[in-house]
Amino acid sequence: MIEELLAKVRNNEFTLGVLGLGRVGLPFAVTFAHHGIKVLGADIKRDYVEGLRSGKAPFKDVHLENFLRETVSNKNFMPTTDTSTVIKNSDIIVITVGTPVNNMLQPDYLQLTSVLDEIAKHDIRNKLIIMRSTSSPGTLEGLVKNTLEKKTKLVEGKHFLLAACPERIVEGKATIELYEIPEMVGCMQEDAGKIVEALFKKLDDRKDIIHVKPKEAELA
């Protein structure tokens, strides 16, 4: 599974799915689409998605407007409210939903659990799922892994892969810093890190990739 998916990434024969098209997910999606990668993006807000389809950036980021207009026009980036379509048709799924802190200074994982439930409705065999949302150490190996294994009856490492690669970018500069900031990548299956590395090096072969344990990536 790892070798096959790695080959698809290296040969640019894969589809990237992004779940959540806010300040983390949208710049991520259009930056990869700008580099010729087919990207499917899902967000639950219909009016918001319609705005994206028309090429209107909903917030400021250095290259966001230009990347969005270009990639929507050439269909490298296809935003939709149909989360199921994105999950079914993507080889790599990146979770970028919000994980805000509540009044007790604890992370609110309502959006994350909702998207995990949606992912678990589908056959995720041979897919890599990357946690890009900010989460507390242990979330990938605990909540994410346990939810998906329990609900799909599949086994991480045998049927699907997981990785933690949290976003660590200054707001408004994602379309610049995606090229410059080293990526902290944490995988339970060591070879899965090669797939994540190959994905990010699509942006720049010189990009630094730091391989750590999942909890260390989440802590960063």
Close side-chain approach of [X] and [Y], heavy atoms under 4.5 Å:
X      : Y      : value
Thr147 : Thr113 : no
Gln111 : Thr99  : no
Leu128 : Leu5   : yes

What are the two closest non-hydrogen atoms of [X] and [Y], and how far apart are they?
X      : Y      : answer
Ala174 : Ile169 : CA-CG2, 3.4 Å
Val185 : Ala217 : C-CB, 4.3 Å
Val18  : Ala29  : CG2-CB, 4.0 Å
Thr96  : Gly20  : OG1-O, 2.5 Å
Cys165 : Ile130 : CB-CG2, 3.9 Å
Pro79  : Leu21  : CB-CD1, 4.1 Å

- request: Hey, could you give me each pair passing ring-ring contact (aromatic ring centres under 6.0 Å, His included) that has a residue in residues 116-154? Not counting sequence neighbours.
  value: none

Treating [X] as the side-chain partner and [Y] as the backbone partner, does any N or O pair qualify as donor plus acceptor under 3.5 Å?
X      : Y      : value
Tyr48  : Pro58  : no
Glu149 : Glu156 : yes
Lys127 : Ser90  : yes
Ser73  : Glu70  : no

Distance-only donor-acceptor check, side chains His211 and Glu197, under 3.5 Å: yes

Between Thr175 and Asp61, a side-chain donor and acceptor under 3.5 Å: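 There is such a pair (donor and acceptor under 3.5 Å, judged by atom type) between the side chains of Thr175 and Asp61.
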
[atom1]/[X] to [atom2]/[Y] distance, rounded to the nearest 0.5 angstrom?
X      : Y      : atom1 : atom2 : value
Glu13  : Lys8   : CD    : NZ    : 8.0 Å
Asn89  : Lys38  : CG    : NZ    : 6.5 Å
His159 : Asp123 : NE2   : CG    : 9.5 Å
Glu3   : Leu6   : CD    : CG    : 7.5 Å
Thr139 : Lys215 : OG1   : NZ    : 10.0 Å

query: If you link I, L, V, M, F, W and Y whenever their side-chain heavy atoms are under 4.5 Å apart, who else ends up in the same group as Leu140?
result: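 Noted: Leu140 shares its cluster with Leu19, Leu40, Met78, Val86, Ile87, Ile93, Ile95, Val97, Tyr109, Leu112, Val115, Leu116, Ile119, Ile124, Ile129, Met131, Leu143, Val144, Leu148, Leu154, Phe160, Leu162, Met188.
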
- prompt: Hey, what else clusters with Ile210 if you join Ile, Leu, Val, Met, Phe, Trp, Tyr whenever side-chain heavy atoms sit under 4.5 Å?
  reply: Met184, Val212

Strictly below 4.0 Å, N to O, side chains only: are [X] and [Y] in salt-bridge contact?
X      : Y      : answer
Asp191 : Lys194 : yes
Glu50  : Arg53  : yes
Glu183 : Arg132 : yes

Let me check something: do [X] and [Y] share a hydrophobic cluster, defined by ILVMFWY side-chain heavy atoms less than 4.5 Å apart, either directly or through other members?
X      : Y      : value
Leu203 : Val24  : no
Val72  : Val62  : no
Ile44  : Val49  : no
Phe67  : Ile176 : no
Val155 : Leu161 : no

query: Looking at residues at least two apart in the chain, or sitting in another chain, which of them share a side-chain hydrogen bond (donor to acceptor under 3.5 Å, both in side chains) with Lys56?
result: none

- line: By side-chain hydrogen bond (donor to acceptor under 3.5 Å, both in side chains), Asp208 pairs with (sequence neighbours left out) none

Other residues, nucleotides and ligands only: do more than 12 of their heavy atoms fall within 6.0 Å of [atom1] on [X]?
X      : atom1 : result
Ile2   : CD1   : yes
Asp47  : CG    : no
Lys213 : NZ    : no
Glu4   : CD    : no

Can you sort out the partners of [X] under side-chain contact (heavy atoms from CB on, under 4.5 Å), two or more places apart, ordered by chain and number?
X      : value
Asp108 : Pro100, Leu110
Asp205 : Lys201
Asn12  : Phe14, Ile37, Lys202

field: Pairs satisfying salt bridge (charged side-chain N to carboxylate O under 4.0 Å, His left out), at least one member in residues 163-179, at least two apart
entry: Arg23-Glu171

- prompt: Given Leu64 and Val30, is the side chain to side chain contact (heavy atoms under 4.5 Å, CB included) satisfied, shown in steps?
  reply: CA-CA 7 Å; Leu64 181 61; Val30 299; 3.6 Å; yes

message: Run the salt bridge (Lys or Arg N to Asp or Glu O under 4.0 Å) test against Glu180 and tell me which residues pass, sequence neighbours left out.
response: none

message: Could you work out, with salt bridge (Lys or Arg N to Asp or Glu O under 4.0 Å) as the rule, every residue matching Arg69, not counting sequence neighbours?
response: Glu65

- request: Kindly write out the residues that satisfy ring pair (Phe, Tyr, Trp, His ring centres under 6.0 Å) with His35, not counting sequence neighbours, or none if the list is empty.
  value: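 Here the qualifying residues are Tyr179.
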
- prompt: Would you call the rings of Phe32 and Phe28 parallel, tilted or perpendicular if under 30° counts as parallel and over 60° as perpendicular?
  reply: tilted

task: Apply side chain to side chain contact (heavy atoms under 4.5 Å, CB included) to the pair Ser136 and Glu218, showing each step before the final yes or no.
output: CA-CA 6 Å; Ser136 57; Glu218 292 165 326; over 6 Å; no

